[in-house]
Amino acid sequence: MIRKTLIAGNWKMNGLLEDGIALAKGVAQEVKKAGRKDCEFLICPPFTLLSSAKKAIKGTKLMLGAQDCHYAEKGAHTGDISAKMLQDIGCQYVIVGHSERRTNHYESNELIKQKAEAAINTGLKVIICIGETEAEKDAGKTIAVCSAQIEGSVPEISNGQNTVIAYEPVWAIGTGRTPTTAEVEEVHAAIRKVVAKKLGRANANKMRILYGGSMKPSNAKELLALPDVDGGLIGGASLKVADFMAIGEASKQ
Ligand code: 13P
């Protein structure tokens, strides 16, 4: 298989020390037990839990990522965290451009691109999030919006190894609603085409495109079976070991 499945948990702003460590440990143990060679697992806890999560998952193949980074390496940026700092404490991945950051922190494609570039140059892998709002979907603009987001927020230094794209329809996040499987496949295939135009066919074929937005054990199998869906970026269901691992199990072909 050209692309290894990636099952990634975005914990968002959830988890205090005790339950966060327990969740990380629980997932790590199950990942170890599962012994999958065809699928990678990643957790992205909040910044405050990264160090302790790193210790909790030690000795397993579970990977660690953060939910955002600054584009500068260091300096006068109160409250920000650099990609270098994330790498320093053992992160392999960072999510950038999540719709909650695009909306709540007014992040532009340009800024997201700078963050992605900084993360890649530091040696981290990036998960760049894109996705349309409900109004954009209703206006038939889904593919145009996603294409513009790829154009604007995926840097030229991205390739099939260092970058993952997550397609997360904004209206599907935390709502229990999902697009039909036909819609998901159509958008993912279109994303791959745009990536091919921008970065070349070889990179597009290697690049993983995750689906995110109300993915759960009951709908994961049909979503993960789609040819251009290479894994999931999971919010709510990543906060329960059993649900997260059940989604992983559903990725088995
Ligand atoms: P939910 O799985 O809670 O819908 O969140 C998806 C998401 O935003 C992951 O980044």
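The structure displayed is predicted, hence computed values, not measured ones. Whatever order the structure lists ligands and atoms in, that order sets their numbers, starting from 1.
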Enquirer: Mark up the atoms of ligand 1 that fall under 4.0 Å of a heavy atom belonging to S214, in ascending order.
Expert: 1 (P), 2 (O), 4 (O)
Enquirer: Give a yes or no on whether W11 and I127 share a hydrophobic cluster (residues Ile, Leu, Val, Met, Phe, Trp, Tyr; joining criterion: side-chain heavy atoms under 4.5 Å apart).
Expert: no
Enquirer: Would you say M207 and L199 make side-chain contact, with heavy atoms under 4.5 Å?
Expert: yes
Enquirer: Quick one: does ligand 1 sit under 4.0 Å from the side chain of I173, the backbone, both or neither, non-hydrogen atoms only?
Expert: both
Enquirer: What's the spacing between E151 CD and I130 CD1 if we round to 0.5 Å?
Expert: 11.0 Å
Enquirer: Under 3.5 Å, is there a donor-acceptor pair between the side chain of S214 and the main chain of A172?
Expert: yes
Enquirer: Show your working on side-chain hydrogen bond (donor to acceptor under 3.5 Å, both in side chains) between S251 and R36 and close with a plain yes or no.
Expert: CA-CA 11 Å; S251 75; R36 297 273 297 275; 2.8 Å; yes
Enquirer: Please list, in number order, the atoms of ligand 1 under 4.0 Å from a heavy atom of G236.
Expert: 1 (P), 2 (O), 3 (O)
Enquirer: Which protein heavy atom lies closest to atom 5 (O) of ligand 1, and at what distance to 0.1 Å?
Expert: K12 NZ, 3.2 Å
Enquirer: Can you tell me if Y167 uses its side chain to pair, donor with acceptor, with the backbone of P169 under 3.5 Å?
Expert: no
Enquirer: Starting from atom 7 (C) of ligand 1, which protein heavy atom do you reach first, and at what distance in Å?
Expert: E168 OE2, 3.1 Å
Enquirer: For G213, counting its heavy atoms only, list the atoms of ligand 1 lying under 4.0 Å from any of them.
Expert: 4 (O), 6 (C)
Enquirer: Looking at atom 2 (O) of ligand 1, what's its closest protein heavy atom, distance included?
Expert: G235 N, 2.9 Å
